[in-house]
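Heads up, the thing below is written out as structure tokens.
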Amino acid sequence: MSDRQVEISIDGNDVTVNEGATLLDACREHNIETPTLCYLENLTPVNACRVCVVELEGSRTLVPACSRQAEPGMKIQTDSERVRHSRKLVLELLASSVDMSLANDEIQGFMKRYDAEPEKFGKTAPASAEGERDRRRTGHHHAPDGATAETVAQPVKIHDEMYVRDYSRCILCYKCVEACGVDAQNSFAISAAGRGFDARISTEFNTRLDDSACVYCGNCIGVCPTGALMFKPEHDHREAGTWDEASQSVTRTVCSYCGVGCNLELRVQDNEIVRVTSPTDHDVTDGHLCIKGRFGWQFVQNR
Amino acid sequence: MDLHWMDASPTEDERAAVDTLLGRADASDKPGEPLEEHVIRGGREAAENKRHLLLPTLHAVQGEIGWISAGALNYVCRRLTVPPAEAYGVATFYALLSTEKRPKRIAHVCDDIACKLKGADALCNELEATLEPDTWHRSPCLGQCERGPAVLFQLAGEEDRTLTAADADAIRSGLEGGADRPEPKPSTPQTQGSREEGLRLLRRVGVCDPTSLDDYREHGGYVSLRRAVSIGADAILREVKDSGIRGRGGAAFPMGIKWDAVAKAPATPHYIVCNADESEPGTFKDRVLMEEDPFAIVEAMTIAGFATGSQRGFLYIRGEYPLAKKRLQNAIDVATRRGFLGADVMGSSFRFDIEIRCGAGAYICGEETALFNSIEGFRGEPRNKPPFPTQVGLFGKPTVVNNVETLVNVLDIVGDGGPAFAALGSKDSTGPKLFCLSGNVERPGLYEVPFGTTLRELLDKSGATDNIQAVLLGGAAGTFLGPDELDIALTFEGTREVGASLGSGVVMVFDEHADMTGTLLRVAAFFRDESCGQCVPCRVGTVRVEEALQRMARSNGNGAADTALIDELALVMKDASICGLGHTAASAIQSALARNLLTTKDSDS
């Protein structure tokens, strides 16, 4: 990164940031809490969720902090009425159409901070039948009657012992697509398909993952912020009502399969590994793993 | 990483459809490998260079076979070295491509706002009762608003074609392979009967054979390019700047600034893109220009290329315009044969080539950066701006992107000079302007008037009734005006003053019998269908707007609360959406609610 500095004003305070920094970098550097959903340090910003928008003087619309670079003289507001309105509405629109109950604590915090009231769009419509959302004809929909609010609710997809895909929880942040593609794995097993509200994450022709290009690295699950993608053991615990985060411990270790030296974080409940991740700031993995580190831990528990 | 293909194989016909476009595969068919030697040797970069052929290849399969099977998609992916999941994502983005088997002949019947005024709902009801459900679909605006109800036939193995002023019998006959109707006359009332004097953009319409280069030249064609070549690029840029022309596609951006920026951009190559993805409901101006004066567009693009140092132009036509595509392809072929395109344009040693690209049923691809993604073989999702196209455009290079009508004006700007052009119209809105008149008017069609003409004058010209309930100005992304607002001057600044915009030049007239509630619901449904789905405010916001409007239409809920809800949604869409679709998706609905157009209907019934 260049050592040149850029001066901008955030909420009336003049601050200096590195040239090339985004407005989000600038806000974080100066401890201004900025909500994000589709942004992750180890992925290319797609700026699709729009929850990080800030008000930029001279701009007709708000701008996404995660991808807009700081330019000299920019004056931004991060907590104006317009900013609060857009952030609140984005959260409400998502929570009214997607099951956000397993979204991480940070997201739950945003909902509280912006007083999101997703109920205001009415009671939720019934879930669609299995596979129905995957076959919708592009550019067409059945007219709603307004009595209920449409959602993406649909049956969960479980086809193997490793992955659970619960697209009722998908906010279309594109993180999984990026992690599966050039940002990490280069498998390209999934993509956004369809259009508009019927857009969804899909393999080709909605084929099962084991028939697709998926290599089961689990990196998509690693980046999913809402629990739409989940490791099967975690899903089973949650279904059985035995998932108990408070009692879990995290052990950091190094993967023993090869010589690369990937750091692993083993989440353990009742002396049983329930989830394996890697720290996003670990310089070997950038938070990404392969199938062995992610799923090949059963031998540890071979008692 | 090797790509993973599907197991499915193409049929002989599917393979032939792809090979007709791409040529035969040059690598032997080994499982797990691409089918192109150069990709096997050249790796990722070689593959990326072919990605832009994805949409044309999908079109080729759809056009020949009638749908895109897993086997066909797999073969396309292996030929172009594209991951199947991504190709599926692209194919399912477009309404005119089908990844499920369907009949070889399909009728897309427009039930959008203009055709609704011409009885499209009754027509659709009749079709529902008499036709097999999978042989026809309701369609968003087909750009034939002046002569609806309109139908587009998608015919596997044959050229697609349109049918206007359609009725159920003609649709049935078209689906059964009945004969084509003769082409209707150009929809330009000013050129019929005693021809109006002084027309510029429409000067050749109705008098010049659109398929003949010689006729085009006899009617003033290629005079401007000759002048352009003799005065040089800098002088052209000066004329364009002096003309004060602003874009006619909807955003009204000064054209001179765009051209200048690209001409000066250090990165190379530069590209010219002509945005002919006209899809704004109520808009058909570019269609008429393309069908009736195609050489003018080719000449104007060539001048744009010459002025901005670009050697390659892309003409992106919406997939619903088969005749426009045919005429332009002919114009490009003839111009190339005769030295008006190609390696040595008019003996000037300047090289310029134009390629046609076809959309496939996606309004969003008229957004310039979505259009780039569509050409490049990706989903037509808009990009975040900045960077702007003049810096990072098509294939990541500096790109001029102009609407058809905007470009055609260049011929006069270069021919007569910028100041002469600026003398017409108002100070901030210079030149002539095309307006698309449809709905309850006696003489619907395309009208050319100088900027500054009032809306009332235009309505009088087209024979609008005295019993106007509302006029939609600018399209579905525009504004409804009431009968007391007809004296506004049709300029960018004049419409801005009343909170409206000229948009793409739509003037749709609704008389006192028009079903405004149904119209508004159709507008809301349109944006829900056409949102690309990338950003939350637009993807979910358009759904919530439609739901609120449905409640209001059914008087099922609290009207005031729903109006407030729509305002809240409109604000987040305007403030936080990625692109213009989301920014304007609720404008027309808000303007109608502000003018009580929804309740008018309720109190009547």
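Chain identifiers are assigned alphabetically (A, B, ...) following the order of the sequence lines, protein sequences preceding nucleic acid strands; residue numbering begins at 1 within each chain.
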Tell me, do [X] and [Y] make a side-chain contact under 4.5 Å, heavy atoms counted?
X        : Y        : result
B:Arg544 : A:Ser97  : yes
A:His85  : B:Asp575 : no
B:Val543 : A:Phe121 : no
A:Pro144 : B:Glu546 : yes
B:Glu100 : A:Arg137 : no

Where does [X] contact chain A at under 4.5 Å (heavy atoms): side chain, backbone, both or neither?
X        : value
B:Leu581 : neither
B:Leu73  : side chain
B:Phe527 : neither
B:Ala362 : both
B:Ser98  : neither
B:Ile578 : both
B:Met573 : neither

Choice from [options] maximising heavy atom contacts with chain A below 4.5 Å:
options                                : value
B:Ala87, B:Ser577, B:Cys538            : B:Ser577
B:Arg383, B:Lys574, B:Glu530, B:Glu547 : B:Glu547
B:Ala548, B:Ala91, B:Ala525            : B:Ala525

Given heavy-atom pairs under 4.5 angstrom as the criterion, report whether the side chain, backbone, both or neither of [X] touches chain B.
X        : answer
A:Thr148 : backbone
A:Ser96  : both
A:Pro45  : neither
A:Ala189 : backbone
A:Arg68  : side chain

Look up atom [atom1] in [X] and atom [atom2] in [Y], then write down how far apart they are to the nearest 0.5 Å.
X        : Y        : atom1 : atom2 : value
A:Cys49  : B:Gln534 : SG    : CD    : 11.0 Å
A:Ile190 : B:Tyr88  : CD1   : OH    : 14.0 Å
A:Glu92  : B:Leu569 : CD    : CG    : 9.0 Å
A:Thr138 : B:Leu96  : OG1   : CG    : 10.0 Å
B:Leu571 : A:Leu89  : CG    : CG    : 7.5 Å

Kindly give the heavy-atom pair with the smallest separation between [X] and [Y], and that separation in Å.
X        : Y        : answer
A:His141 : B:Asp529 : ND1-OD1, 2.7 Å
B:Asn384 : A:Arg50  : OD1-NH1, 3.2 Å
A:Ser191 : B:Gly89  : OG-CA, 3.9 Å
B:Arg539 : A:Ile171 : NH2-O, 3.1 Å
A:Phe188 : B:Ala85  : O-CB, 3.6 Å

Item to complete: Give a yes or no on this: more than 12 heavy atoms of other residues, nucleotides or ligands lie within 6.0 Å of atom NZ of B:Lys385.
Response: yes
Next on the checklist: Would you say NZ of A:Lys292 has more than 12 non-hydrogen atoms from neighbouring residues, nucleotides or ligands within 6.0 angstrom?
Outcome noted: no
In A:Leu93, A:Leu91, A:Leu37, the residue satisfying side-chain contact (heavy atoms from CB on, under 4.5 Å) with B:Val536 is A:Leu93
For residues 195-205 of chain A against chain B, heavy atoms under 4.5 Å, the residues are A:Arg195, A:Gly196, A:Phe197, A:Asp198, A:Ala199, A:Arg200, A:Ser202, A:Thr203, A:Glu204, A:Phe205
Check: A:Cys214 main-chain N/O paired with B:His4 side-chain donor or acceptor under 3.5 Å: no
- request: Using a strict cut-off of less than 4.0 Å between a Lys/Arg side-chain nitrogen and an Asp/Glu carboxylate oxygen, indicate whether A:Lys120 and B:Glu568 qualify as a salt bridge.
  value: yes
